[in-house]
Amino acid sequence: ADIKRAACVGGGVIGSSWAIQFAMRGLAVTLYDINDEQLKRSEAQMHKSLDALEQFNAITPERRGEIVAAIRLTTSMEEAVADAQFIQESGPERLEIKQSILAQVEACAAADALYASSTSGLLISDIAAKAAHPERCVGAHPYNPPHLIPLVELTSGDKTDPALLRLAYDFYQSIGKEAVLLRRECPGFIANRLQLALYREVQDLVMRGVCSVEDADKALVYGPGLRWAIFGHNMIMQLGNPGGLTGMVNMLGNSGDRWLADMASWTHQPDNWAEVAQPGVDEEMKHFPDHIGHTNEACAAYRDQMLIELLKLHKKL
Ligand code: NAD
């Protein structure tokens, strides 16, 4: 399907970023939120994102004008979704609110419009449980901020039409996203589970006294993190050994098994982790070189700049 008109329902952190993503890729966008105050926040947030894109030369001032002009803000659900071919819901993460938003959308939207929920933790089967058209509902979990990070994790509910899931997949790919398909619903989807598995190990290493919080972060950023910004771990292993992935798995063999046995002693998340992690991160920030900065604000600006530069290298911006 040739999707030209998208609606963003809920214009918070995620919804306003989706609006920029859609508009940057030439779609006409309507953004709905519940009142004018929220819409003002959406607008401010969008301008902040556009400032960073412009500052780091990812868009020209003219392009910025076109993006802004393509997004219409409204507190009328009907105005937002009546003409939309693709509806991206990014409302609050509560099942009853998501169900009520879907009911409101269904009252005004075309029956063949695709409906994608940004939910991080709910199942699309539950969100669409009372829907008139559950077949057109998919889970589409972005990574924050969606207008920069390409990943979107797609899930289908028990009644989703597989052809419409495919359509959603093709649509996201066509606007520069990198979509992954979950073959079945699973809490945390893929990326957050991978992150949490790693973070569980960071906690364990620090709590066992193996290393500081700062060194755990440093080991990641200046080691595997650099490669992971290029390829996934399977691919990195494939390239790391003349025998390819199979050679690497065989080579790791016994020592890998010993590491895994040691790591398996992890049992639970420590209660006092925050008390350990916070001073560790404060220390880390103190030691950053001046070009990165020593405050949350400076480090966030550095992160955003680096993200934009990396995406340019990936030819995603
Ligand atoms: P947010 O609180 O910033 O935004 C939620 C928006 O929904 C607000 O603007 C609010 O006014 C609006 N809203 C409230 N009631 C509504 C209603 N009845 N109809 C329509 N809009 C309504 O939250 P967020 O961080 O943007 O998260 C939105 C969704 O995206 C959640 O489902 C969340 O799980 C998911 N998500 C968040 C992140 C993240 O990092 N923040 C990442 C991926 C996915």
Side-chain angles (χ1 to χ4, degrees), residues 6-22 29-49 52 71-82 84 86-109 113 115-131 137-155 157 168 172 175 177-180 182 185-196 199 296 300 303-304 307:
C8 295
V9 175
V13 173
I14 295 299
S16 49
S17 177
W18 270 123
I20 291 181
Q21 162 81 30
F22 294 146
V29 183
T30 45
L31 184 149
Y32 165 89
D33 213 309
I34 47 175
N35 55 41
D36 288 332
E37 198 192 329
Q38 285 303 131
L39 284 184
K40 279 211 180 73
R41 279 194 207 152
S42 311
E43 205 170 9
Q45 156 112 24
M46 286 194 281
H47 278 292
K48 207 168 157 217
S49 304
I71 303 172
R72 200 170 76 236
L73 307 179
T74 179
T75 53
S76 153
M77 183 66 91
E78 181 167 14
E79 193 186 333
V81 303
F86 194 94
I87 299 161
Q88 183 81 42
E89 172 273 309
S90 310
E93 184 72 354
R94 293 235 320 266
L95 181 60
E96 59 286 7
I97 301 184
K98 299 257 189 223
Q99 287 181 339
S100 117
I101 293 176
L102 179 50
Q104 288 174 60
V105 167
E106 291 203 310
C108 328
Y115 187 89
S117 173
S118 300
T119 183
S120 322
L122 301 168
L123 301 184
I124 192 65
S125 295
D126 294 334
I127 293 173
K130 300 175 184 164
C137 299
V138 302
H141 176 236
Y143 239 57
N144 192 22
H147 72 278
L148 291 180
I149 309 248
L151 177 66
V152 59
E153 299 179 306
L154 297 185
T155 49
Y172 284 121
I175 59 163
K177 304 296 290 177
E178 289 294 342
V180 294
L182 271 82
E185 290 179 290
C186 146
F189 309 133
I190 302 173
N192 275 338
R193 287 177 80 108
L194 293 177
Q195 271 199 152
L196 197 58
Y199 203 51
N296 274 351
R303 176 203 59 197
D304 293 345
L307 199 50

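Just so we're clear, the structure is a prediction, and the values are computed from it rather than from any experiment. Whatever order the structure lists ligands and atoms in, that order sets their numbers, starting from 1.
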Distances only, to 0.1 Å: what are the N or O pairs between ligand 1 and the protein that fall under 3.5 Å?
from: ligand 1; atom 1: 3 (O); to: Val13; atom 2: N; distance (Å): 3.0
from: ligand 1; atom 1: 9 (O); to: Gly12; atom 2: N; distance (Å): 3.3
from: ligand 1; atom 1: 9 (O); to: Asp33; atom 2: OD2; distance (Å): 2.6
from: ligand 1; atom 1: 9 (O); to: Gln38; atom 2: NE2; distance (Å): 3.1
from: ligand 1; atom 1: 11 (O); to: Asp33; atom 2: OD1; distance (Å): 2.7
from: ligand 1; atom 1: 11 (O); to: Asp33; atom 2: OD2; distance (Å): 3.4
from: ligand 1; atom 1: 11 (O); to: Gln38; atom 2: NE2; distance (Å): 3.2
from: ligand 1; atom 1: 26 (O); to: Val13; atom 2: N; distance (Å): 3.2
from: ligand 1; atom 1: 26 (O); to: Ile14; atom 2: N; distance (Å): 2.8
from: ligand 1; atom 1: 32 (O); to: Gly91; atom 2: O; distance (Å): 3.4
from: ligand 1; atom 1: 32 (O); to: Glu93; atom 2: OE1; distance (Å): 2.5
from: ligand 1; atom 1: 32 (O); to: Lys98; atom 2: NZ; distance (Å): 2.6
from: ligand 1; atom 1: 34 (O); to: Glu93; atom 2: OE1; distance (Å): 2.8
from: ligand 1; atom 1: 34 (O); to: Ser120; atom 2: N; distance (Å): 3.3
from: ligand 1; atom 1: 34 (O); to: Ser120; atom 2: OG; distance (Å): 2.6
from: ligand 1; atom 1: 36 (N); to: Ser120; atom 2: OG; distance (Å): 3.1

**Point-to-point distance, once rounded to the nearest 0.5 Å, from CG of Leu102 to CD1 of Ile127** = 8.5 Å
**Contacts of Tyr172 that satisfy side-chain hydrogen bond (donor to acceptor under 3.5 Å, both in side chains) - sequence neighbours left out** = Gln88
**Request:** Any chance you could measure Leu31, atom CG, to Trp18, atom CH2, to the nearest 0.5 Å?
**Result:** 13.5 Å
**Request:** Return the set of residues passing side-chain hydrogen bond (donor to acceptor under 3.5 Å, both in side chains) with Lys98 (not counting sequence neighbours), or none when no residue passes.
**Result:** Glu89
**Fill in**
side chain to side chain contact (heavy atoms under 4.5 Å, CB included) filter on Ala80, not counting sequence neighbours, yields Thr30, Tyr32, Thr74
**Message:** For a quick check under 3.5 Å, do Gln21 and His147 share a side-chain donor-acceptor pair by atom type?
**Reply:** no
